[in-house]
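None of these values were measured; they are calculated from a predicted model.
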Protein chains: 2
Amino acid sequence: MKPTQETLGITLAAAARDASRAFDAALQSAGGSRPVWLVLMALKQHATANQREIAQKVGIQGATLTHHLNAMESSGLLSRRRDPHNRRVHIVELTEAGHAMFLQLLGTVTAFDKRLRDGLDEGDIATLRRLLAVLQHNVGSSAEGTKVPARND
Amino acid sequence: MKPTQETLGITLAAAARDASRAFDAALQSAGGSRPVWLVLMALKQHATANQREIAQKVGIQGATLTHHLNAMESSGLLSRRRDPHNRRVHIVELTEAGHAMFLQLLGTVTAFDKRLRDGLDEGDIATLRRLLAVLQHNVGSSAEGTKVPARND
DNA sequence: TTCTAATCGATTGACATCTAACGATTCGAA
DNA sequence: TTCGAATCGTTAGATGTCAATCGATTAGAA
């Protein structure tokens, strides 16, 4: 490892941090937030889902999702009801307002993505996805259906 | 944008999240943490620095750094003294324990980086760095001397 | 010399995230 | 049928981050 060069993890974290901050700022200007967007997106892909599935899809812990869902339910973006077949389970669904919020944020997300891609061709994008997937594989996760690794004490 | 494909920002954030979690776990097992590592690294590169410089180097706000420095000073890893030429400024320096902690964590960091790079050749690494730098440029930041973008209300 | 603006680091409060633990519910082996 | 283990979502507390604000200090124009 060259002494003047950052480790790959630090480089990746810094790039992601900068991109995420800009993305967060864009979403906030559009009246949303990143967690809101991620939950909306998960529920757009699967119209009804339980919380465990959403948390897994989004890549966060159930406890974290509870907080986001509480806020989003209060805001009228989604509803939760007990599954009659298994009363431990919440079925989560978007409301009309939730669907509207998704559309509201979609423009922002698309514009941001376009901005992020500026100067990169499809080959670059594919390469980046491939390399990022390798990194994820190397730390023990796959890009889809990510399982949250336990943090050791 | 293809409907079945994640936006680039989400892909990047997910990869970075997974890598960061693994990195955090590795550092924790070695008795440190990511903020500790980043501060140690910044102070290894510039033996004496003021807080603003460290915060900028690490890529976090001054308020955040204060908390980390408080903890690290309590742990004996570093010391702070007022600059006699400008009493607003703190000069931050590593202690012997701080230098020892750096070495302690260095092995972990190196091993983690090696793990991250598994299956990637030098060309891949260079490509990844280049592409990440493009992304950072596109969101308004450069990879070195990162300025933290303001979050709009 | 005076005074305004800028700088520095700290404090406060809010947001997002995690772990550990919990109560309620369900599953499945005995 | 019983009961221990597993699942589900929630709560509480801790960590890391940010913005806004503050008191102390300095710089520089008038």
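- Distance, Arg87(B) CZ to dA27(D) C1': 17 Å, rounded to whole Å.
- Annotation: the span from Ile125(A) atom CD1 to Leu120(A) atom CG amounts to 4.5 Å, rounded to 0.5 Å.
- Per the geometry, CD belonging to Gln56(B) stands 10 Å off P belonging to dC8(C), to the nearest Å.
- Leu116(A) and Leu131(A) fall within a single hydrophobic cluster, where Ile, Leu, Val, Met, Phe, Trp and Tyr side chains are chained together by heavy-atom contacts under 4.5 Å.
- Look at CD1 on Ile91(B): it is 13 Å from C1' on dC8(C), rounded to the nearest Å.
- Summarising the geometry, the separation between CG on Asp18(B) and C1' on dC18(C) is reported as 15 Å, rounded to the nearest angstrom.
- Proximity of a side-chain donor or acceptor of Thr48(B) to a complementary backbone N or O of Ile91(B) within less than 3.5 Å is not detected.
- Between His99(A) and Lys44(A), some side-chain heavy-atom pair lies under the 4.5 Å cut-off.
- Taking atom CZ on Phe23(B) and atom P on dT15(D), their separation rounds to 19 Å, with Å as the unit.
- Counting any heavy atom pair closer than 4.0 Å across all strands shown, Gly62(B) reaches no nucleic acid atom.
- Distance CG/Asp124(A) to CG/Leu128(A): 8.5 Å, rounded to 0.5 Å.
- When each of dA10(C), dA19(D), dT11(D) is scored by its nearest atom to the side-chain atoms of Gln61(B), the top-ranked nucleotide is dA19(D).
- Whole-Å rounding puts the His67(A) NE2 to dA12(D) P distance at 9 Å.
- Looking at the side chain of Ser33(A), the nearest of the listed nucleotides dG16(D), dA16(C), dT12(C) is dA16(C).
- Residue Leu8(B) is grouped with residue Leu27(A) when hydrophobic side chains (ILVMFWY) are merged at heavy-atom distances under 4.5 angstrom, including chains of intermediate members.
- In this model, the phosphate group of dG9(D) is not approached by any side-chain N or O of Thr66(A) to a distance below 4.0 Å at OP1 or OP2.
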Expected rows: protein N/O vs nucleotides 21-24 of chain C N/O, under 3.5 Å:
none

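- Sorted by first then second residue, the salt bridge (charged side-chain N to carboxylate O under 4.0 Å, His left out) pairs that include residues 69-80 of chain B, not counting sequence neighbours, are Glu73(B)-Arg80(B).
- Nearest nucleotide to the side chain of Ile60(A), out of dT17(C), dC8(C), dT10(D): dT17(C).
- Between His90(B) and Leu69(B) the shortest side-chain heavy-atom distance does not fall below 4.5 Å.
- Near DNA chain D, defined here as any heavy-atom distance below 4.0 Å, the residues from residues 68-86 of chain A are Arg80(A), listed numerically.
- With distances taken from any side-chain atom of Pro35(A) to the nucleotides dA16(C), dT17(D), dC8(C), the minimum falls on dA16(C).
- For Arg21(B), a side-chain nitrogen or oxygen approaches OP1 or OP2 of dC18(C) to under 4.0 Å.
- Between Arg34(B) atom CZ and dT17(C) atom C1' the separation is 12 Å, expressed in whole Å.
- Atom-to-atom, CD of Gln51(B) to P of dT25(D) comes out at 16 Å; the value is rounded to the nearest Å.
- Distance check: Ser20(A) OG to Ile10(B) CD1 gives 8.0 Å after rounding to the nearest 0.5 Å.
- Taking 4.5 Å as the limit, some side-chain heavy atom of Glu122(B) sits within range of a side-chain heavy atom of Arg117(B).
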